[in-house]
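Contents: one structure, followed by commentary.
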Amino acid sequence: MALQPWRKGKVINIENETIDTKRFWIEVPELEVFDFKPGQFVTLDLPIHEKPNKRWRSYSIASCPDHTNTFELLIVKAEGGAGTSYLFDEVKVGTGISFRGPQGVFGLPKDLSIDTFFICTGTGIAPFRSMVRYLYETQTPIGQLHLIFGCRKKEDLLYYQELKELEKNFPGFHYHPVLSRENWEGRSGYVHPVYEELC
């Protein structure tokens with residue numbers, strides 16, 4: 001796969017998703033359409049160090065391809081992390097960000113007619129959210145698709161309402177949020193017993 005050139009993006013929206021997680025929407029003004037495959041990532045070049053390889057941070061694209069020049073990133077603040085400290089404390093709407101991408105070969109399986117399991121925790125949900133939204137928006141036929149998502153507490157759930165709505169409206173899609181530190185109306189514990197039970 002050919003290496004993508006560095007491009008200039010502009011932050012056009014920022015929203016708090018949880019206490020320590022934000023959603024960043026980045027526009028690519030030089031392109032009419034920023035084309036990517038669900039599951040791919042971009043690498044940001046942040047002004048946090050003199051050496052380029054110490055400035056680079058890679059994040060999965062959380063949005064699905066929508067024929068626009070905008071994409072979404074879902075980023076959790078790492079304690080003491082130079083990259084996320086810059087993104088959370090310095091970046092505002094209008095801030096320019098250099099990035100390279102899309103990159104990566106992680107993507108949808110070719111055969112979705114069989115039972116398929118997406119298993120993740122934390123912001124690892126980003127590429128799977130991109131995939132599920134893409135399948136829904138394109139009305140791609142699926143068999144049974146299970147998204148098993150683990151986090152600590154209900155306040156840490158990412159895209160919770162959106163995925164609950166998708167589960168209602170997308171036949172064959174099943175959303176299984178699992179909390180490891182809190183008892184609630186859903187599943188408690190860890191993701192492993194859930195997929196073992198389903199399989």
Side-chain angles (χ1 to χ4, degrees), residues 1-4 7 9 11 13-15 17-18 20-28 33-44 46 56-78 81 83-84 87 97 99-112 114-140 142-152 156-167 170 172-178 190-192 194-195 198:
M1 180 179 289
L3 198 60
Q4 295 290 323
R7 300 187 185 278
V11 176
N13 190 28
I14 303 171
E15 287 184 10
E17 179 70 4
T18 67
D20 60 356
T21 308
K22 290 189 177 189
R23 300 166 67 181
F24 295 81
W25 283 263
I26 298 173
E27 181 183 71
V28 191
V33 176
F34 178 70
D35 196 24
F36 61 93
K37 295 178 181 176
Q40 290 191 299
F41 67 92
V42 294
T43 299
L44 308 184
L46 305 175
W56 297 344
R57 300 291 187 275
S58 295
Y59 299 100
S60 292
I61 301 170
S63 51
C64 72
D66 61 0
H67 308 294
T68 72
N69 64 347
T70 301
F71 61 92
E72 178 190 338
L73 300 179
L74 177 73
I75 300 174
V76 62
K77 188 169 186 180
T84 56
L87 288 165
I97 290 186
F99 76 94
R100 183 163 62 195
Q103 300 168 266
V105 296
F106 179 59
L108 285 162
K110 290 180 180 176
D111 186 1
L112 287 161
I114 60 173
D115 286 1
T116 305
F117 297 85
F118 293 166
I119 304 161
C120 56
T121 61
T123 52
I125 198 170
F128 294 126
R129 188 255 188 165
S130 175
M131 292 178 192
V132 171
R133 283 225 64 93
Y134 172 78
L135 294 172
Y136 173 71
E137 299 291 346
T138 57
Q139 290 297 292
T140 301
I142 61 171
Q144 301 300 311
L145 173 58
H146 298 269
L147 172 57
I148 305 165
F149 172 55
C151 59
R152 294 181 176 185
D156 301 323
L157 286 167
L158 303 166
Y159 303 117
Y160 178 67
Q161 291 301 330
E162 175 184 318
L163 292 168
K164 291 291 285 183
E165 285 299 310
L166 273 175
E167 186 176 38
F170 191 15
F173 172 60
H174 309 279
Y175 172 50
H176 309 275
V178 189
Y190 295 94
V191 296
H192 314 291
V194 177
Y195 68 72
L198 292 168

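Starting from 1, each residue takes its place in the sequence as its number.
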| query | Going by atom types only, do H174 and Q144 share a side-chain donor-acceptor pair under 3.5 Å? | reply |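 Yes, Q144 and H174 have a side-chain donor paired with an acceptor closer than 3.5 Å.
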
| query | Would you say the side-chain atoms of T43 and Q103 include a donor-acceptor pair closer than 3.5 Å? | reply |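 Yes.
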
Could you state the interatomic distance from [atom1] ([X]) to [atom2] ([Y]), rounded to the nearest 0.5 Å?
X    : Y    : atom1 : atom2 : result
K22  : I14  : NZ    : CD1   : 6.0 Å
Y160 : C151 : OH    : SG    : 10.5 Å
T70  : E27  : OG1   : CD    : 5.0 Å
I142 : I114 : CD1   : CD1   : 12.5 Å

Is there side-chain contact between [X] and [Y], with heavy atoms separated by less than 4.5 Å?
X    : Y    : result
L108 : T140 : no
I148 : F118 : no
Y195 : H146 : no
D115 : L198 : no
V33  : N69  : no
I125 : L163 : yes
R57  : L46  : yes
R129 : E162 : yes

| message | Under the criterion side-chain contact (heavy atoms from CB on, under 4.5 Å), I'd like the reasoning laid out for T21 against D156: C-alpha separation, chi angles, the key distance, then a yes or no. | response | CA-CA 9 Å; T21 308; D156 301 323; over 6 Å; no

| Reference residue V42; test side chain to side chain contact (heavy atoms under 4.5 Å, CB included); the match among V28, I26, I61 |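 Of the listed options, the one satisfying the test is I61.
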
| Steps toward salt bridge (Lys or Arg N to Asp or Glu O under 4.0 Å) verdict (R133, E72) | CA-CA 13 Å; R133 283 225 64 93; E72 178 190 338; over 6 Å; no

| task | Show the numbers, then the answer: is there a side-chain contact (heavy atoms from CB on, under 4.5 Å) between T84 and V76? | result | CA-CA 7 Å; T84 56; V76 62; over 6 Å; no

| said: Using the ring-ring contact (aromatic ring centres under 6.0 Å, His included) definition, which of the options F41, Y59, F24, F99 pairs with F71? | reply: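 Single pass found, and it is F99.
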
| query | Is the number of heavy atoms from other residues, nucleotides or ligands under 6.0 Å of F173 CZ greater than 12? | reply |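 Check passes, neighbour count above 12.
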
| message | Would you say that more than 12 heavy atoms from the other residues, nucleotides or ligands in this model lie under 6.0 Å from the NZ of K37, or not? | response |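 Open.
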
| field | Full working for side-chain contact (heavy atoms from CB on, under 4.5 Å) between I119 and L147 | value | CA-CA 6 Å; I119 304 161; L147 172 57; over 6 Å; no

| Derivation and outcome, side-chain contact (heavy atoms from CB on, under 4.5 Å), residues L157 and T18 | CA-CA 8 Å; L157 286 167; T18 67; over 6 Å; no

Over all atoms of both residues, closest heavy-atom pair of [X] and [Y]:
X    : Y    : answer
S130 : C64  : O-CB, 3.4 Å
P102 : Q4   : O-CG, 3.2 Å
T68  : D66  : OG1-OD1, 2.7 Å
Y159 : E17  : N-OE2, 2.7 Å
S60  : L73  : O-CD2, 3.6 Å
T123 : P127 : O-CD, 4.4 Å

| query | Any idea how F170 and Y136 line up, ring-wise: parallel (<30°), tilted (30 to 60°), or perpendicular (>60°)? | reply |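 Ring orientation of F170 relative to Y136: perpendicular.
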
| said: In this structure, is the centre-to-centre distance between the rings of F106 and F128 below 6.0 Å? | reply: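 Close enough - the centres of the two rings lie under 6.0 Å apart.
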
| Aromatic contact, F36 with F34 (centres under 6.0 Å) |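 F36 vs F34: aromatic centres under 6.0 Å.
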
| said: Tell me if a side-chain donor or acceptor on E15 pairs with a main-chain N or O of R23 at a distance below 3.5 Å. | reply: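 No, the answer is negative, given that no donor and acceptor are paired below the 3.5 Å cut-off.
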
